[in-house]
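First listed ligand is number 1; within each ligand, the first listed atom is number 1.
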Amino acid sequence: MGLSGWLGGRELSKALFIKTWGCQMNVYDSARMADVLAPVGYRPVDRAEDADMVILNTCHIREKAAEKVFSELGRLRALKRRKAMAGGRLIIAVAGCVGQAEGAEIMARAPYVDMVFGPQTFHRLPEMVAAADAAPGQGVLDTEFPAESKFDFLPEEQGTQGISAFLAIQEGCDRFCTYCVVPYTRGAEFSRPAADVLAEARRLLKGGAVEITLLGQNVNAWKGEAPGGGDWGLGRLLREVAQLDGLGRLRYTTSHPSDMDDDLIAAHAEIPALMPFVHLPVQSGSDRILAAMNRRHTADDYRRVVEKLRASRPDIGLSSDFIVGFPGETEADFADTLRLIEETGYAQAYSFKYSPRPGTPAAGLDDAQIPDAVKTERLAALQALVNTQQLAFNRAMVGRTMAVLFDRPGRRPGQLLGRSPYMQAVHAEAGPERLGTLAEVRIGGAHANSLSGRLVEAANRDAGPPLEASA
Ligand code: 5AD
Ligand code: SF4
């Protein structure tokens, strides 16, 4: 314990460990929880064993989420006991969408949990910690959807996210796809004002970020009041963020096909820093299933959006999410999905077996649920197709020169690992001074999940124009 560690018998510096599951929004939320707890003396550590407080930031989107949380809680209970026997204390908190959806059950089943809260109340963490401190063993539950926005109460982003940073601009969802828990766990759609987004982006860049990814459950539904009146959409916001000093790369995720407006599509042609890569989930290629999912677009609507994106930015790479085995999905429906994948050609894609989520409309379609064996078979077929496309996409990079943002040390000494414009992992021999910089790399090798290449110094650049204008 350092000299400043104790003041009036109170420990000033306490250790915080946050374990994060799920989407990038949860990663962002975890960083913000650390920001909220910094002024009350908590600093992040890498292991639960070293912590005075452990927060499990959970995900409820697919199966077994709650079970995973309970098994993790079992381990933490043992740790809490060991700490108590040694005269110490461990605060255990459950945050995120499982906390939101199952708060009362967690409190009942795991009474050793000190705090449960959801995605919309973590700005109140200092009060919750004070309440937990005041009455140990009581349990603090805060899963309401407050009238205030947490963004108005969070302390300023501390700029600690590093080279590639997330920035939440939109949260919640009003679309109510029939399989999805997000509208229930994250609440109604909310867009942060443009001025707040720009201020946070400036702080991230000052803190060392080179790449910013704008986040939202339905990010392209973002809308904001323009300073001079009227409305801004995401396309306009991207243009504004792209003006900021120090920005090398800009991304946004996750988009709904129906909110992909012409201005946003045009932004892809106009903004050099905007990466030519869009995650655009379609879920299914069957109009019947899309309707049952309440996606409110057809497979052809999606094809048209893809066509427009490609017309705007011919080198664009696409990614998607797919659900197989949605209730009532026939072999013909599934064949439509495979056909859409074949026609579209993806750089990568995520795919999942449909999982009934408690409280969602599709979970109640009892007669139409698909047997697990069928889901397994369809998932394997879909993934085989996507993997072929991903490998072909990666192989097409060989011989090209592209900008890579080096964001971490590589596996071997003398190597760095970075990301291509398309989010591919790229290994190259490079000194540590390149960390946090964009460098031109000539791709020499392609694998299923990564690329390798050599730095191209400006003097002996040998390929055609790079894929991306570097900052
Ligand atoms: N079952 C399976 N996959 C789901 N997703 C969302 N809800 C479910 C569910 N109930 C998938 C969708 C979404 C991604 C984040 O998770 O594909 O785009
Ligand atoms: Fe869930 Fe996305 Fe549908 Fe919203 S648009 S309900 S977040 S799948």
Side-chain angles (χ1 to χ4, degrees), residues 20-29 58-68 96-98 100-101 119-120 168-191 215-222 234 252-260 278-286 289-297 301-302 305 318-329 334 337 340-341 346 348-366 368-372 374-376 378-379 382-383 386:
T20 309
W21 282 276
C23 63
Q24 289 148 326
M25 186 70 88
N26 263 14
V27 176
Y28 174 83
D29 285 350
T58 61
C59 172
H60 203 229
I61 197 98
R62 286 178 296 273
E63 225 163 358
K64 300 203 180 102
E67 291 95 292
K68 275 188 225 157
C97 292
V98 176
Q100 186 67 42
Q120 303 309 345
I169 65 165
Q170 182 280 333
E171 214 187 336
C173 188
D174 294 343
R175 287 201 161 267
F176 291 92
C177 299
T178 54
Y179 51 81
C180 183
V181 285
V182 165
Y184 311 97
T185 59
R186 289 265 168 187
E189 216 166 276
F190 170 79
S191 292
L215 293 183
Q217 265 83 39
N218 187 6
V219 73
N220 56 346
W222 181 89
L234 180 59
Y252 61 94
T253 198
T254 292
S255 299
H256 191 286
S258 304
D259 289 310
M260 210 73 202
V278 177
H279 181 57
L280 193 62
V282 64
Q283 316 295 354
S284 168
S286 151
I289 295 298
L290 287 170
M293 288 175 163
N294 190 32
R295 292 290 291 178
R296 290 183 273 178
H297 63 78
D301 293 334
Y302 180 83
V305 172
L318 291 170
S319 152
S320 186
D321 291 340
F322 296 95
I323 296 176
V324 300
F326 184 83
E329 185 188 68
F334 179 61
T337 301
L340 179 63
I341 295 172
Y346 288 99
Q348 61 154 81
Y350 303 93
S351 45
F352 314 101
K353 291 188 206 176
Y354 168 74
S355 143
R357 303 285 73 211
T360 58
L365 302 173
D366 291 338
Q369 299 294 333
I370 304 293
D372 189 58
V374 176
K375 291 184 196 170
T376 304
R378 290 182 188 167
L379 189 68
L382 191 154
Q383 288 182 340
V386 164

Legend entry - Top protein contact for atom 6 (C) of ligand 1, by heavy-atom distance: Ile61 CG1, 3.4 Å

Inset, instruction - Considering only non-hydrogen protein atoms, determine which one is nearest to atom 7 (N) of ligand 1 and report residue, atom name and distance to 0.1 Å. - result: Tyr179 CD1, 3.3 Å

Legend entry - Atoms in ligand 2 flagged as close to Pro183, the criterion being non-hydrogen separation under 4.0 Å: 6 (S)

Legend entry - Ligand-residue contact atoms, ligand 1 with Gln283, heavy atoms, under 4.0 Å: 12 (C), 13 (C), 17 (O), 18 (O)

Legend entry - Polar proximity ligand 1 side, Tyr354 side, N/O cut 3.5 Å exclusive: no

Inset, instruction - For atom 9 (C) of ligand 1, find the nearest protein heavy atom and state the residue, atom name and distance (0.1 Å precision). - result: Ser355 O, 3.6 Å

Inset, instruction - Give me the one residue out of Gln283, Gln383, Arg378 that meets side chain to side chain contact (heavy atoms under 4.5 Å, CB included) with Ser351. - result: Gln383

Legend entry - contact_flag Arg186 ligand 2 heavy-atom lt 4.0 Å: no

Legend entry - Atom indices of ligand 2, in the order listed, that fall short of 4.0 Å to a heavy atom of Arg295: 3 (Fe), 8 (S)

Inset, instruction - Would you check whether Arg62 has a nitrogen or oxygen atom less than 3.5 angstrom from a nitrogen or oxygen atom of ligand 1? - result: yes

Legend entry - Heavy-atom nearest neighbour of atom 4 (Fe) of ligand 2 within options Gly172, Cys173, Pro257: Cys173

Inset, instruction - Starting from atom 2 (C) of ligand 1, find the nearest protein heavy-atom neighbour and note its residue, name and distance. - result: Lys353 O, 3.3 Å

Inset, instruction - Specify the protein heavy atom at minimum distance from atom 8 (S) of ligand 2: its residue, its atom name, and the distance to 0.1 Å. - result: Tyr179 OH, 3.3 Å

Inset, instruction - Taking the six-membered ring for Trp and the full ring for Phe, Tyr or His, determine whether the centres of Phe176 and Tyr184 are under 6.0 Å apart. - result: yes

Legend entry - Identity and separation of the nearest protein heavy atom to atom 13 (C) of ligand 1: Asp321 OD2, 3.5 Å

Inset, instruction - Report yes or no: does Cys180 have an N/O/S atom closer than 2.8 Å to atom 3 (Fe) of ligand 2? - result: no

Legend entry - atom 6 (S) of ligand 2: the protein heavy-atom neighbour that sits closest, reported with distance to 0.1 Å: Cys177 N, 3.3 Å

